[in-house]
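Reviewing the structure listed below.
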Amino acid sequence: MAEHGTEHDAEFAPPERRLPDATRDAALLRLREGMAESPRRVPAAAAVVGALALVGAGLAGALVGELRTDLGTAGSSEPPSPVQELLMPDNTKHYRVETGPSSDEPVCRPEGEGIPPVEGWTRLVTGQHLGVVVTVYDTPAGVLFCERTPRSTSWTGPVADPGELAVAFTTANGTIAGFTDADERPFGLFDGQRSAYPARAGRIFLAPAEFRPGSGLVAQYEVRDSAELQVEQPLTPPAVAERRLLADAGTGTGAPWTCRNGRAPLVDPEFWMAGPDVPVRAGESVQVARMGDLLAVCAPDDAPLTHEPLVEEQNPGPGRVHGGGLVGVTVFHSFTSELNPESGLVQTSSTSRALAGLVLDGRVTSVELVTPNAPPVSGVLEGGSFVLVSELLAVDERGASSAELVTRDADGREVGRVAVPPM
């Protein structure tokens with residue numbers, strides 16, 4: 001079985017989910033495939049159609065055959081044909097976007113000077129991601145942006161639509177939202193470190209729980225091939241909206257929960273409950289935490305990856321389990337790097353995986369991995385979450401041909417069992 005790709009792909013994101021470092025990945029794709037032509041870059045003031053190659057490392061191998069076009073023969077006087085670019089993702093489904101008026105109660109009720117009565121609000125759009133719900137309302141005084149999380153709320157406005165692409169709302173929980181312009185193409189937001197691909201709904205764009213933009217935030221519009229020029233439009237985000245804890249939020253842990261590397265989850269970091277921290281090799285462990293129905297899995301050198309296992313279960317991906325009082329996701333670990341002599345690139349991969357997830361049934365006190373020809377392997381439960389590490393889960397010759405998770409209560413009675421799907 002082929003090795004799993006890079007650490008960035010380790011969460012097995014759904015197809016519509018954005019992968020990080022898109023620009024770097026696009027450059028690597030061109031290097032691997034000998035694509036010399038790349039979109040040229042111009043500032044937005046030049047008012048030219050733009051181009052940006054967007055491809056995730058985990059998708060490159062599958063898509064390269066579709067991406068390449070006839071580049072002409074060596075030494076030909078004819079210019080090479082343009083290289084088709086990957087299209088930017090449509091995140092309407094990923095953010096579970098709903099548009100138009102709604103009879104639901106507003107997700108937040110801001111108070112203060114200039115805030116019109118809630119009876120005059122009309123919902124424009126709602127999007128949600130990683131427990132964060134962002135709703136935008138049209139009011140008699142302007143457009144109001146509002147964010148609600150399991151523990152907090154933030155808002156800004158009402159503000160006037162400037163009639164051009166502009167960021168109007170940023171939050172401590174990583175939400176970026178604002179206004180679009182007449183250009184109807186998808187676009188990405190980049191600050192040199194992180195990226196997001198907002199969903200568009202009329203004159204509004206939103207990207208809930210993605211990243212807190214730093215200096216140098218720019219928007220880059222989708223293009224179709226490398227013959228087009230890339231527009232890069234600088235954006236100035238407003239100050240982060242004040243975060244207010246809900247009345248029933250509780251006190252949390254008092255300080256943000258962090259991974260061993262000191263990085264905390266993006267959303268409501270002081271309300272996460274530490275879960276198991278299971279060593280896998282020297283200096284590396286599978287470390288998780290839980291907040292409600294959210295699961296955070298630590299990454300070796302980055303912020304923890306946050307999952308919504310119950311939502312993701314509606315679109316199952318490889319290695320997800322749901323049953324027996326548990327819901328879990330695959331976590332690859334013990335990555336190794338080697339130089340590919342043909343491309344000259346360092347390739348990072350892993351065939352070692354663990355299962356991590358949430359305990360959904362209060363009766364469950366233990367979980368075991370059961371396989372045909374080996375003794376059961378016990379997982380670790382703590383803080384309402386679990387981690388199970390075993391070579392029997394590997395996606396190479398070490399892995400078992402079939403496996404089940406079996407959960408039991410405090411008296412040893414079986415609560416349930418669920419098959420572990422192959423990768």
Side-chain angles (χ1 to χ4, degrees), residues 16 88-187 189 196-210 213 219 221 235-249 267-268 308 311 314:
E16 67 270 25
M88 291 188 179
D90 178 358
N91 279 326
T92 301
K93 180 180 178 182
H94 178 61
Y95 292 142
R96 301 175 340 249
V97 169
E98 299 177 4
T99 59
S102 171
S103 58
D104 295 341
E105 284 290 313
V107 296
C108 62
R109 289 177 174 268
E111 300 176 354
E113 186 177 352
I115 304 293
V118 68
E119 292 76 19
W121 300 6
T122 301
R123 188 188 74 168
L124 296 175
V125 59
T126 292
Q128 49 188 311
H129 180 221
L130 301 182
V132 173
V133 180
V134 177
T135 307
V136 184
Y137 300 97
D138 198 9
T139 78
V143 178
L144 188 147
F145 294 81
C146 175
E147 175 196 84
R148 175 77 175 259
T149 78
R151 299 289 191 270
S152 64
T153 185
S154 304
W155 64 80
T156 192
V159 295
D161 182 349
E164 61 183 11
L165 183 64
V167 179
F169 187 46
T170 62
T171 75
N173 293 306
T175 290
I176 309 173
F179 298 96
T180 62
D181 56 14
D183 192 328
E184 297 182 352
R185 291 176 298 165
F187 62 89
L189 298 173
Y197 302 91
R200 300 184 60 155
R203 68 184 198 267
I204 302 298
F205 76 82
L206 50 81
E210 284 297 350
Y221 281 95
L235 297 171
T236 303
V240 173
E242 181 181 354
R243 177 174 173 259
R244 299 167 172 85
L245 294 183
L246 301 176
D248 59 352
V267 178
D268 293 338
E308 291 180 282
V311 173
Q314 298 173 12

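Keep in mind it's a predicted model, so treat the numbers as computed, not measured.
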Minimum heavy-atom distance Pro237-Thr170, with the two atoms named: CB-CG2, 4.0 Å
Any side-chain heavy atom of Phe179 sitting closer than 4.5 Å to one from Val167? no
Sort out for me which residue in Asp181, Val125, Asp138 forms a side chain to side chain contact (heavy atoms under 4.5 Å, CB included) with Arg203. Asp138
Apply the side chain to side chain contact (heavy atoms under 4.5 Å, CB included) test between Phe145 and each candidate in Thr175, Leu124, Ile204; give the one that qualifies. Ile204
Thr122 OG1 to Leu144 CG distance, which is reported to the nearest 0.5 Å: 12.0 Å
So, for Ser152 and Asp268, which heavy atoms are closest and what is the spacing to 0.1 Å? OG-OD1, 3.0 Å
So does Pro208 get a backbone contact from the side chain of His129, meaning a donor-acceptor N/O pair under 3.5 Å? yes
Will you find, in the side chains of Ser154 and Asn173, an N or O donor that is under 3.5 Å from an N or O acceptor? no
Work out which heavy atom in Pro198 is nearest to a heavy atom in Phe187; give both atom names and the distance. CD-O, 3.2 Å
Looking only at heavy atoms, what is the nearest atom pair of Leu165 and Ala219, with distance? CD2-CB, 3.6 Å
With a 4.5 Å limit on heavy-atom distance, are the side chains of Val133 and Glu147 in contact? no
Quiz question: by atom type and distance under 3.5 Å, do the side chains of Thr126 and Thr135 form a donor-acceptor pair? yes
Classify the side-chain pair Tyr221/Glu184 by whether it contains a donor and acceptor separated by less than 3.5 Å. no
Worked check of side-chain contact (heavy atoms from CB on, under 4.5 Å) between Ile176 and Phe205: CA-CA 8 Å; Ile176 309 173; Phe205 76 82; 4.3 Å; yes
side-chain contact (heavy atoms from CB on, under 4.5 Å) for Leu189 and Tyr197? Distances and angles first, verdict last. CA-CA 6 Å; Leu189 298 173; Tyr197 302 91; over 6 Å; no
All heavy atoms of Pro158 vs all of Ile115, minimum pair found to be CD-CD1, 3.7 Å
Roughly how far, to the nearest 0.5 Å, is CD of Glu164 from CG of Leu235? 9.5 Å
Gap between atom OG1 of Thr171 and atom CZ of Arg148 - 0.5 Å precision: 14.0 Å
Working to the nearest 0.5 Å, report the span between CG of Leu246 and OG1 of Thr149. 6.0 Å
Residue pair Tyr137 / Pro106: nearest heavy atoms and the distance that separates them: OH-CA, 3.1 Å
CD-CH2 distance between Glu119 and Trp121, expressed to the nearest 0.5 angstrom: 9.5 Å
Straight-line distance of Arg200 CZ to Asp90 CG, nearest 0.5 Å: 11.0 Å
Output, in order, the C-alpha distance, side-chain angles, deciding distance and verdict of salt bridge (Lys or Arg N to Asp or Glu O under 4.0 Å) for Glu98 and Arg96. CA-CA 7 Å; Glu98 299 177 4; Arg96 301 175 340 249; over 6 Å; no
